[in-house]
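One structure below.
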Amino acid sequence: MTIERIIKKFKEIHPGVNTALLFSAYQLANKAHQGQKRKSGEDYIQHSLHTAYVLTQIKADINTVAAGILHDVPEDTKYTLKEIKQKFGDDIYNLVNGVTKLGTIKYRGEEKYRENLKKMFVAMAKDVRVIFIKFCDRLHNLRTLEALPPNKQNRIAKETLEIYAPIAGLLGMWRLKWQMEDICFKILQNEEYRKLEHKYEIEKKAERNQYFLKIKNILYDKLSESGIKNYEMEVRFKHLYSIYQKMKKKDRRFDEIYDVFALRIIVPSIDDCYKTLGVIHTIWKPKTNRFKDYIAMPKPNGYRSLHTTVFGPEGKNIEFQIRTQEMHDESIYGLSAHWYYKGKGSDKSARQPYWIKEILKIQKNLNTKNFIDEIKLDIFRNRIFVHSPKGDIFELPEKATPIDFAYAVHTDIGNKAVRALINDKIASLEHPLGNGDIVEIVIDRNRKYPNKNWLKFVKTKKAKERIKQNSKKTAFNNIKDLIKGNQKEHKHKKHHKNNK
Ligand code: MN
């Protein structure tokens, strides 16, 4: 890797931006790491440059890329953070300082894990770009892991799967997540990895390529007839670790070839997305219920695309994902790309996802153990999307119940809930909801307080808190006097004792 390559790439993404800063960051880092070698035998600066290159790819801003080049300078060389501050200013100093403070997060037992996870979240709440740098640093470390002894490889891979990959997912940085996961999978379960790799990369490859070539050729003619130009087509391949997890679950038979691939079409405008969809549906018959318009109705995490599954050639199902370049970048690079397109100039706190602000609130008044439990409760579960009868979408954790839904809609709906209708069928209030369910809550207007037993099955922090708050009020009203009476009696006794 060279600094010239990074600057060239950066200029492609940010035309007109002065890149002199990147070169001076490189000069300092290169001087600082002079003579240092990585375990692989490479010059140390290679690690800094690779980290910065991945940052450039995910569309990070210039200060983040510069901080990526400098990220190991204060840790490993005689140059100090103070010198970085003097030369590059506060923003880059804060980023490098953030990364340095995170240090090497090592997996040692449950407690250590919790401490480290908290550290990551706190750093993230201050400035998410610190985590971007940490992810890219980790990705390059994983790519060069073979130079380390096996026990160290295992420890780093395990820690990546447990801490880094889930956080990357939270930030929508799917491509980084998948890249990290597949390397860890290869290290931790080598045999399974090899089996799947052989199956999907070698055995089925010819069959798959032939099939997609056929589809592409048919589409090519029809799209140009419709005047759609400058589009790109790519085959989306599910990464091996996610196939492995799917197989392990065995909750659904999936087609070994066609469910792990989709054809992505990237077009210049939103208008072209719908035109392309029209073209596809006139060639192949769409499957009912498999068309999703996430452009008109984005997923709560912001995901946008058109999805459709059609009866393709040879009677095989094939999924299409149609989107613009911006939608595509946001779907693979997450928050980082989102800032690139939308966040220019806006202040840092406005650019943070809502849950990062939640974390800041939580961490102030909880110890580490509770902190992680609270976070896991809401954030680390898989998410499902359910609809209200009016078509509003609510994002809930997996296995959430109608009560969780009711409190997500409105506290009053939660407090007064008596019955649920899931997809027009009567269901109990604790029935686990599935993705895409339409949920309606039947309320009793005269009821004032929630049922405390709901605490046994609700899954969201919000429902839990609201039930506690609102039933506290009842309990409080009912036994207020009783408690007062007891306290008086108690005080009186104490007083009496002391006087003895
Ligand atoms: Mn590093």
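For ligands, and for the atoms within them, numbers begin at 1 and follow the listed sequence. Counting begins at 1 with the first residue of the sequence.
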Run through R323, R264, K292 and flag the one making a side-chain hydrogen bond (donor to acceptor under 3.5 Å, both in side chains) with S305. R323

In H71, the N, O or S atom nearest to the Mn ion (ligand 1) is which? NE2

Would a line drawn from the ring center of H47 to the ring center of Y44 be shorter than 6.0 Å? yes

Is it the case that the ring center of Y244 lies less than 6.0 angstrom away from the ring center of F185? yes

Would D91 and R129 count as a salt bridge (charged side-chain N to carboxylate O under 4.0 Å, His left out) here? Give the steps. CA-CA 11 Å; D91 194 45; R129 294 177 302 166; 2.8 Å; yes

Contact check: E75 to the Mn ion (ligand 1), N/O/S below 2.8 Å: no

Rounded to 10°, how many degrees is the angle OD1/D137-the Mn ion (ligand 1)-NE2/H47? 80°

What atom name does the N, O or S atom of D72 nearest to the Mn ion (ligand 1) carry? OD2

